[in-house]
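Heavy atoms only: backbone and side chains are in, while hydrogens, waters and symmetry mates are out. First the proteins, then the strands, lettered A, B, ... as listed; each starts at 1.
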Protein chains: 2
Amino acid sequence: MKALKKLNIIHYDSEFLSRNGFKYLVTDSGEFRLIGSFEDKAEFLKTINAEYPNVVVFDFTSKDSLTSADIEKIREARKSPGFLVISNNFKKETICEFMDCGVECFVTKACSKDEILLAIKAAAKGERFFCNKVLEFIIDKSFQKKEDCEPTKLTTREIEILKLSAEGLDAKEIADKLFLSLHTVYTHRKNIMKKLNLKSNSELIKYAYKNNIVST
Amino acid sequence: MKALKKLNIIHYDSEFLSRNGFKYLVTDSGEFRLIGSFEDKAEFLKTINAEYPNVVVFDFTSKDSLTSADIEKIREARKSPGFLVISNNFKKETICEFMDCGVECFVTKACSKDEILLAIKAAAKGERFFCNKVLEFIIDKSFQKKEDCEPTKLTTREIEILKLSAEGLDAKEIADKLFLSLHTVYTHRKNIMKKLNLKSNSELIKYAYKNNIVST
DNA sequence: TTTTTATTTAGACTAAATATAAATAATAGG
DNA sequence: CCTATTATTTATATTTAGTCTAAATAAAAA
């Protein structure tokens, strides 16, 4: 069937309000066909494989969110749809992760109707679209970093110790908790600070909060 | 029961998705009449004074959110409507502030349709309703506190030092910055910890972040 | 004025952290 | 399988940071 070819959109968000707000948005404009707005991930993924969406829209902070592995699977299965994240609470790491696996567009839920519509169309064409807030966020947060999106890599043990530090535990408590020598904790912390270019335990804790390594 | 009298609801949220999701929610159920779902605060407040809402629903993290002063003004003007906050990113202080000025119900945007409907009805009757997430939050966060919602009052100097600590400055740097003796800084910090019942500089920094004394 | 609260400081002492060095454990690459 | 690398662990000696006790000064409240 020729006629005017509407863009097929599929949506996944655990928030009721967002699902219905989105439903209203895309159906009202008349330019799109909404395949569905899903709360359940399994059902959502099944429908993607049955229908042929041009654009996949999702909130990556949903309860049982899409992972980058999910996205890659979708990409592999067919001609890749465009991906658009509509969310709040963007975290640097998460944005990077999804950018790396090919998600084109990111907007916040605070964005205007027009901006969201623009983002959908951009995603359909495989173009990038970041709303100002996301953009600001990326620029701001990637200030101190070098080239890539990843912060200097910490080992699992180092991250563990960083987290506990940010929880307010001192070196001794961490040592007790992890059954380590106090010296070990100091050494790890020293290495963390070296890798992240920090100069005190306070800065380390600050880093953990600013970079969402612990929840606020 | 006057079966025909629908509850009048008015809604204020800067997020497009939420406004439309909410619109759908309340109109679909047939139990309510939605006076309007507003993006603009002035317009919203004007409409409240013109119409007679039974329930006022709003997101207190909106761009130009309702203040507790606004709420009080609405309360004074007429028989008080019920108030329901639908939001994410609850902060302890904000919840307390709005509870103090008489807001009955709090739910998150992640709540189910049914829960939101329950909350609306509770607000209309002047009853309290907290969703589980908000409840958890309140219980968790008010653990270490005494009676009131306010954290133990710190002096201006103490807050100043708390902030600088959270920024990652050590005692010496704070002393230099404020032209104080190192001992003075230690004393202030000791007093802060005593007042807040904290036992280390790390916990102090954690406290600052958890309580939004510094921005994340 | 007297009392309380806030702010400031010091000396003696204690706990925490660093620098340096190095030994295992685990892992990746050939 | 062996080896180079990385991760994890620990210790000693030394330095630095922080606490305890005590108290002076200033400002604000009673």
Which nucleotide in the list D:dT8, C:dT9, C:dT18 gets nearest to the side chain of A:Tyr186? C:dT18
Short N-O contact, B:Asp13 and B:Lys109, less than 4.0 angstrom: yes
How close or far is atom P of C:dA17 from atom CE of A:Met193, stated in whole angstroms? 9 Å
B:Ile192 CD1 to C:dT5 C1': how many Å, rounded? 16 Å
What is the distance from NE2 of B:His183 to C1' of D:dA24, rounded to the nearest Å? 14 Å
With heavy atoms under 4.0 Å as the rule, sort B:Thr187 into base, sugar-phosphate or nothing. base
Do B:Phe98 and B:Phe58 make the cut of ring centroids closer than 6.0 angstrom? yes
Evaluate the ring planes of B:Phe44 and B:Tyr12, with Trp represented by its six-membered ring, and classify them as parallel (under 30°), tilted (30 to 60°) or perpendicular (over 60°). parallel
Which part of the nucleic acid, if any, lies within reach of B:Ser181 when heavy atoms closer than 4.0 Å are counted: base, sugar-phosphate only, or nothing? sugar-phosphate
Which nucleotide in the set D:dT19, D:dA13, C:dT7 lies at the smallest distance from any side-chain heavy atom of B:His188? C:dT7
Among C:dT8, D:dT9, D:dA13, find the nucleotide with the atom closest to the side chain of A:Leu180. D:dT9
Let me confirm one number: the OG-CG distance from A:Ser18 to A:Asn88, rounded to the nearest 0.5 Å. 8.0 Å
Mind checking if A:Lys190 touches a base, just sugar-phosphate, or nothing, with heavy atoms under 4.0 Å? base
Look at the side chain of A:Thr155 and the base of D:dT6, then say whether one donor and one acceptor between them are separated by less than 3.5 Å. no
Which nucleotide in the list C:dA6, C:dG11, D:dT10 gets nearest to the side chain of A:Thr184? D:dT10
Let me know, please, whether A:Arg157 or B:Lys172 comes out on the 5' side of the other along DNA chain D by nearest nucleotide. A:Arg157
Phosphate oxygens OP1/OP2 of C:dA17: is one of them under 4.0 Å from a side-chain N or O of A:Ser200? no
In whole angstroms, how far is the P atom of C:dT18 from the CG atom of A:Asn191? 11 Å
Distance, rounded to the nearest Å, where A:Glu203 contributes CD and C:dT18 contributes P: 12 Å
Nearest-angstrom distance from the residue atom CD1 of A:Ile174 to P of D:dT9: 13 Å
Heavy-atom distance under 4.5 Å between the side chains of B:Asp59 and B:Val85, does that happen here? no
To the nearest Å, give me how far apart CG (B:Leu198) and P (D:dG18) are. 15 Å
Length of the line joining B:Glu158:CD and C:dT7:P, which is rounded to integer Å: 6 Å
